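Below: one structure, written as structure tokens.
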Amino acid sequence: MGEASIEGAEIAPLRFTLKPPLMTSRRTVAVRETLILRLFDRDGVVGAGEAAPAYWLGGETLGQTRASLRKLAARLAAQAITPAELRRWAGLNEAFEPAPGARQGGESQAPAARRGAGAADADRPHGTGAAALSPAARSALDCALLELRAKRAGRSVAELLAQAVGGAEPARPVRVAALLTADSTRALAAQARAAARAGFRTLKLKIGAGANDLERARAVAEAAGPGAALRLDANRAFDFERALELLSALAGAAPIEFVEEPLARPSPAQLKRLRALSGVRVALDESFAGRASLEPYLGAGAADVIVLKAARLGGLSRCAELAALAARAGLAPCVTDSIESALGMSAAVHLAAALPNPTLAVGLGGARYISARALAPFPGFSPSLRAAGAGFAVCARSR
């Protein structure tokens, strides 16, 4: 079934409570607000995407996201447009789209980036309407367009992305990390024990909001037991000296998988030095917005992991491009959502399942702490994520 022109869009707000609240070094988040975008094509097929800016970290606000989506809706109200034309208008990368006539199974065609064509730079928008769209809005549009294509092809979004990037069979389960959110050390240890009993082997802990990070990390590691990996997220909380002191102590007290954004003023040289002196692997998150801002860190050998958040980077397609770029430089991709509903979490799992090599555990933003309403399927959106045993998730085909 070929693609039909898109004739309209619907924007719906979503608000849900985090229980307990998420504590970060920047701000405590008790209520999460996002926006759901639905696209309607001429045949009545619906595609959906979630626009979820991490407004508590600065940068894009929910108001900016809403304004972007309204501009998109106005464009669609003015005149129907094909999905390909809409992607060009929005500046969405085509390099990781399956080429027309590509085989539906087995060996896939190489993406444009691997054939030597210049991959789109996700730091800068391209396309006549791209300047009107914020990264989170562009991400929702990308997801909705991929969902439309997947439905019409009877496939999953992961299959489309895997075919384009040369990934593995996307039906395989992907590991999922458990986010620990309690404020007291005792409660954190209890959460860690419960997560370990449920089968989670990667635990994520926010640090930098208080003075007892070492005590908290030790308690979590002890409660989780042997074989568990501890993932830390500082959200740029520390100066160099404090980061080195804490990470050096933690490296000897707990099995640290990596630390995200440890430095308040990160630079490639400082992060490289911190990695070398502390012995802890470093992950980039807020420090890059696309290819241009990532390459200095790659060139300096300043990181081990890149965190791929579609809402921050502008879509699943651009995340796939950046994952390929990082892999060529020897960095591991770590896919996470942005504290989203079932829709955003599904998109993250589809991206992780599509990547060529086994990926680090996917961060699903504390799914166990979100209300059932936010986890429920959306009208017009095919549920495409299901549990595959605690600590794992697997994507399914769209319908």
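None of the values given here were measured: they were computed from a predicted structure.
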Just verifying a value: how many Å separate Arg281 CZ and Leu274 CG, rounded to the nearest 0.5 Å? 14.0 Å

To the nearest 0.5 angstrom, please state how far the OG1 atom of Thr202 sits from the CZ atom of Arg175. 5.0 Å

Using a 4.5 Å cut-off on heavy atoms from C-beta on, say whether the side chain of Leu364 contacts that of Val349. yes

Phe238 side chain reached by Leu247 side chain, heavy atoms, under 4.5 Å: no

So, Asp41 side chain and Asp43 main chain: donor-acceptor pair closer than 3.5 Å or not? yes

Can you check whether Gly63's main-chain N or O pairs, donor with acceptor, with Tyr55's side chain at less than 3.5 Å? no

Any side-chain heavy atom of Pro135 within less than 4.5 Å of one from Leu313? no

Any heavy-atom pair between the side chains of Leu232 and Asp213 that's under 4.5 Å? no

Polar side chain donor-acceptor pair, Thr65 to Glu60, under 3.5 angstrom: yes

Working to the nearest 0.5 Å, report the span between CZ of Arg201 and CD of Glu257. 12.5 Å

Inspect the contact between Arg242 and Glu245 and indicate whether a charged nitrogen and a carboxylate oxygen are less than 4.0 angstrom apart. yes

In Arg42, Arg75, Arg38, the residue satisfying salt bridge (charged side-chain N to carboxylate O under 4.0 Å, His left out) with Glu7 is Arg42

Would the distance check show the side chain of Ser139 and the main-chain N or O of Ala310 forming a donor-acceptor pair, the cut-off being under 3.5 Å? yes

On a heavy-atom basis, which atom in Pro83 and which in Ala4 lie closest, and how many Å separate them? CD-O, 3.4 Å

Mind listing the closest non-hydrogen atom pair of Ala221 and Ala254 along with its distance? CB-CB, 3.6 Å

Is there a path from Leu37 to Leu86 through hydrophobic residues (I, L, V, M, F, W, Y) whose side chains come within less than 4.5 Å of each other? yes

Within 45° of the ring axis of Phe288 and under 6.0 Å from its six-membered ring centre, is that where the NZ or CZ of Arg312 lies? yes

Can you check side-chain contact (heavy atoms from CB on, under 4.5 Å) on Leu14 and Glu50, steps first, answer last? CA-CA 9 Å; Leu14 180 65; Glu50 185 164 7; 4.2 Å; yes

Does a side-chain N-to-carboxylate-O contact under 4.0 Å join Arg318 and Asp142? no

Identified salt bridge (charged side-chain N to carboxylate O under 4.0 Å, His left out) partner of Lys309 from the options Asp337, Asp285, Asp233: Asp285

Any side-chain heavy-atom pair of Arg87 and Ser317 under 4.5 Å: yes

Out of curiosity, does Leu57 fall in the hydrophobic cluster containing Val307 (side-chain heavy atoms, cut-off under 4.5 Å, transitive links)? no

Considering only heavy atoms from C-beta outward, does the side chain of Val174 approach that of Val335 to under 4.5 Å? no

Interatomic spacing from CG in Leu263 to CG in Leu244 - rounded to 0.5 Å: 10.0 Å

Looking at Glu85, I want to see if its CD is surrounded by more than 12 non-hydrogen atoms of other residues, nucleotides or ligands under 6.0 Å. yes

Output the distance between atom CG (Leu141) and atom CD1 (Ile6), rounded to the nearest 0.5 Å. 7.5 Å

Atom of Ala326, atom of Ile306 and distance for their closest heavy-atom approach: CB-CD1, 3.4 Å

Heavy-atom donor-acceptor pair, Arg32 side chain to Ile339 backbone, under 3.5 Å: yes

Output the distance between atom CG (Leu308) and atom CG (Leu284), rounded to the nearest 0.5 Å. 10.5 Å

So which of Glu261, Lys206, Glu260 actually passes side-chain hydrogen bond (donor to acceptor under 3.5 Å, both in side chains) with Asn235? Lys206

Closest heavy-atom contact between Ala90 and Leu133? CB-CD1, 3.6 Å

Using side-chain heavy atoms (C-beta onward) and a distance below 4.5 Å, is Val282 in contact with Tyr297? no

Taking every non-hydrogen atom, the tightest pair across Ala237 and Gly208: CB-CA, 3.7 Å

Are side-chain heavy atoms of Gln191 and Thr181 found at a separation under 4.5 Å? yes

So, the side chain of Thr34 versus the backbone of Glu340: is there a donor-acceptor pair under 3.5 Å, distance only? no

Can you see which heavy atom on Ser338 is nearest to which on Ala311, and at what distance? OG-CB, 3.7 Å

Cluster check Leu331, Val362: I/L/V/M/F/W/Y, side chain < 4.5 angstrom: yes

Check: Arg275 side chain, Gly301 main-chain N or O, donor-acceptor pair, under 3.5 Å: yes

Verify side-chain contact (heavy atoms from CB on, under 4.5 Å) between Ile11 and Leu72, making sure each step is shown before the conclusion. CA-CA 10 Å; Ile11 305 163; Leu72 169 63; over 6 Å; no

Do you see a donor-acceptor pair shorter than 3.5 Å between the side chains of Arg218 and Thr185? no

